[in-house]
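Encoded as structure tokens, the structure appears first; notes follow it.
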Amino acid sequence: MTGTGSAPAPNALARLVGMRAGEGPALAWSWAYIFSILAAYYVLRPIRDQMGVAGGIENLPWLFTATLLGMLALNLPFGWLVKTLPRARFVPLTYRFFALNILLFSLALYLAPPEADLWIGRVFFVWLSIFNLFVVSIFWATIVDVFSTEQGKRLFGFIAAGATLGAIAGSATTALLARSVPTWALLVCAVVLLEAAVFSMRGLARLSRQLHQVPQASAAGATIGGSALAGLTRTLASPYLLNIGLFLLLFSVTATFLYFEQAGIAKRSFPDRGAQTAFFAQVDLLVNVLTLGVQLLLTGRIVARLGVGRTLALLPAASVLGFAALALAPTITAIVAFQVFRRAGNFAVARPIREVLFTVVPREDRYKAKSFIDTVVYRLGDQVGAWSYTGIAALGFGAEAVALTAVPLSLAWLVNSLWLGRAQEAAAASERADAPR
């Protein structure tokens, strides 16, 4: 598969991101698409985090269990949609299903008595933890379906910057309005943003054939077919997909450790719900500002210099050092700083380059196996992390023990990253060799 041209487009933005002639409109639609999704999610995320704290930190592992069960339940009907309908239909249907859910939550918060807020909050926590992985996974599956491997290495970091701008806009909106605007009104804002994502996805789909030569089966109007259970069966049958799943599992377990520490800090430090929501939004805002600078200026250059494997290994290597530091000095400042640095590293570098791994798999795997890994496997990691954290605390150990547990997990994650990089490069080389000349 080849790009539309070999010469860079003649402007400063093109030189900055490595954009080539003919790629600009698709990048613009990609930005609008992921901006809308992440803005919607980050309007809702601080509300979810506050509701999780209000429901009791000791109950968070049960909410993570419910989230995993919800992921398992939703993957089968989603697999059926992918099997039966073309991308141009199943993607809008999925987003509008979630938008309808948000409207129902908004109505419940508006009409329900205050004593019902606790249970509405718990259900919303579980629902949003399902929502965010599905909608973002579908976005990246679409992007992987539209752009080639070579384009992905150059452009996925820049596309991810659109996600960061959306996250900044969403978290800033909630940080500014959480104390003065009712929660149900913020939820309605997220619905409008999801509809904007559908509009942008359709604009991108119209340009997909202009980017590079793709098989007819990859067209937006073609059904993918296969089995509704292929996400599970094809993942288990492929060492490559299994290792992508392991990468995400280890990331999720260690991320959950840090999430619980942050939740505890908010519970102890801020007395009221509005202040807690604003705190979570401010942390999100700091993460996303840092992420944006790296995505715009460094991500493409990093992968060009280091390759896929060593780029993927940066985050687990930083996690080894970060958790080791926390084991020595588990202070509030250190935990928040590590959380911000790690999340920014994930969004700016690890996440867009992880998506490059899927550019060398069959199209069915890009939607079904990828969705299974991004949702069920990710939430399985949450589950392992949540109950491990609870178990360590029940034994009377503190943050130092949690950090020490995370160090060998991060080392295993580092080895896994290097293996994946070699496997992806080999598959990409084979694909180039087999391509018609």
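What you see is a predicted model; the values in this text were computed from it and never measured.
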Min side-chain heavy-atom separation [X]-[Y] under 4.5 Å:
X      : Y      : value
Ile244 : Leu420 : yes
Tyr367 : Phe90  : yes
Leu326 : Phe257 : no
Ile392 : Tyr389 : no
Phe158 : Ser30  : no
Phe124 : Leu187 : yes
Trp387 : Gln383 : yes
Phe78  : Thr375 : no

Spell out, as yes or no, whether a donor-acceptor pair under 3.5 Å connects the side chain of [X] to the backbone of [Y].
X      : Y      : result
Arg379 : Ser129 : yes
Thr256 : Ser252 : yes
Tyr240 : Leu357 : yes
Ser238 : Arg234 : no
Arg422 : Gly309 : no

Apply the test side chain to side chain contact (heavy atoms under 4.5 Å, CB included) to residues Ile159 and Phe147: give CA-CA distance (whole Å), side-chain angles for both, the deciding distance (0.1 Å), then the verdict.
CA-CA 11 Å; Ile159 290 172; Phe147 291 90; 3.9 Å; yes
Take Trp413 and Val320 through the test side chain to side chain contact (heavy atoms under 4.5 Å, CB included) and record every step on the way to the result.
CA-CA 10 Å; Trp413 181 22; Val320 171; over 6 Å; no
How close do [X] and [Y] get, counting heavy atoms only, and between which atoms?
X      : Y      : answer
Ser137 : Asp374 : OG-OD2, 2.9 Å
Leu418 : Ala313 : CD2-CB, 3.9 Å
Trp31  : Ala161 : CZ2-CB, 3.7 Å
Thr359 : Val356 : OG1-O, 2.6 Å
Glu425 : Gly307 : OE2-CA, 4.4 Å
Ala369 : Thr235 : CB-OG1, 3.5 Å

Find the distance between [atom1] ([X]) and [atom2] ([Y]) and round it off to the nearest 0.5 Å.
X      : Y      : atom1 : atom2 : answer
Arg366 : Asp145 : CZ    : CG    : 5.5 Å
Ile37  : Phe98  : CD1   : CZ    : 11.0 Å
Phe125 : Ile130 : CZ    : CD1   : 11.0 Å
Trp140 : Lys370 : CH2   : NZ    : 8.5 Å
Ile143 : Met201 : CD1   : CE    : 11.0 Å
Ile34  : Thr142 : CD1   : OG1   : 10.0 Å

Identify the residue among [options] that makes a side chain to side chain contact (heavy atoms under 4.5 Å, CB included) with [X].
X      : options                      : answer
Leu44  : Leu193, Ile102, Asn132       : Ile102
Leu38  : Val135, Val136, Thr164       : Val136
Tyr378 : Leu68, Thr67, Leu248, Ile373 : Leu248

Anything under 30° is parallel, anything over 60° is perpendicular, the rest tilted; go ahead and classify Tyr33 against Phe139.
perpendicular
Does the side chain to side chain contact (heavy atoms under 4.5 Å, CB included) test come out yes or no for Phe97 and Leu93, once each step is laid out?
CA-CA 6 Å; Phe97 166 77; Leu93 276 174; over 6 Å; no
So, Phe323 versus Phe338, ring centres under 6.0 angstrom or not?
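So the answer is yes for these two rings.
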Under the rule for ring pair (Phe, Tyr, Trp, His ring centres under 6.0 Å), what residues qualify as partners of Phe199, not counting sequence neighbours?
Trp29
Chi angles and distances behind the side chain to side chain contact (heavy atoms under 4.5 Å, CB included) call for Phe156, Val303:
CA-CA 11 Å; Phe156 281 6; Val303 70; over 6 Å; no
Are side-chain N/O atoms of Tyr259 and Asp382 paired as donor and acceptor at under 3.5 Å?
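Per modelled atom types, Tyr259 and Asp382 side chains form no pair under 3.5 Å.
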Could you tell me if Asn243 and Trp419 have a donor-acceptor pair between their side chains, going purely by distance under 3.5 Å?
no
Name each donor-acceptor pair under 3.5 Å that joins a side chain in residues 342-353 to protein atoms two or more places apart or in another chain, with its distance.
{"from": "Arg342", "atom 1": "NH1", "to": "Thr254", "atom 2": "OG1", "distance (Å)": "3.2"}
{"from": "Arg342", "atom 1": "NH1", "to": "Ser319", "atom 2": "OG", "distance (Å)": "2.8"}
{"from": "Arg342", "atom 1": "NH2", "to": "Phe251", "atom 2": "O", "distance (Å)": "2.9"}
{"from": "Arg342", "atom 1": "NH2", "to": "Thr254", "atom 2": "OG1", "distance (Å)": "2.7"}
{"from": "Arg343", "atom 1": "NH1", "to": "Asp284", "atom 2": "OD1", "distance (Å)": "3.0"}
{"from": "Arg343", "atom 1": "NH2", "to": "Tyr42", "atom 2": "OH", "distance (Å)": "3.3"}
{"from": "Arg343", "atom 1": "NH2", "to": "Asp284", "atom 2": "OD1", "distance (Å)": "3.0"}
{"from": "Arg351", "atom 1": "NE", "to": "Glu355", "atom 2": "OE2", "distance (Å)": "2.5"}
{"from": "Arg351", "atom 1": "NH2", "to": "Glu355", "atom 2": "OE2", "distance (Å)": "3.2"}

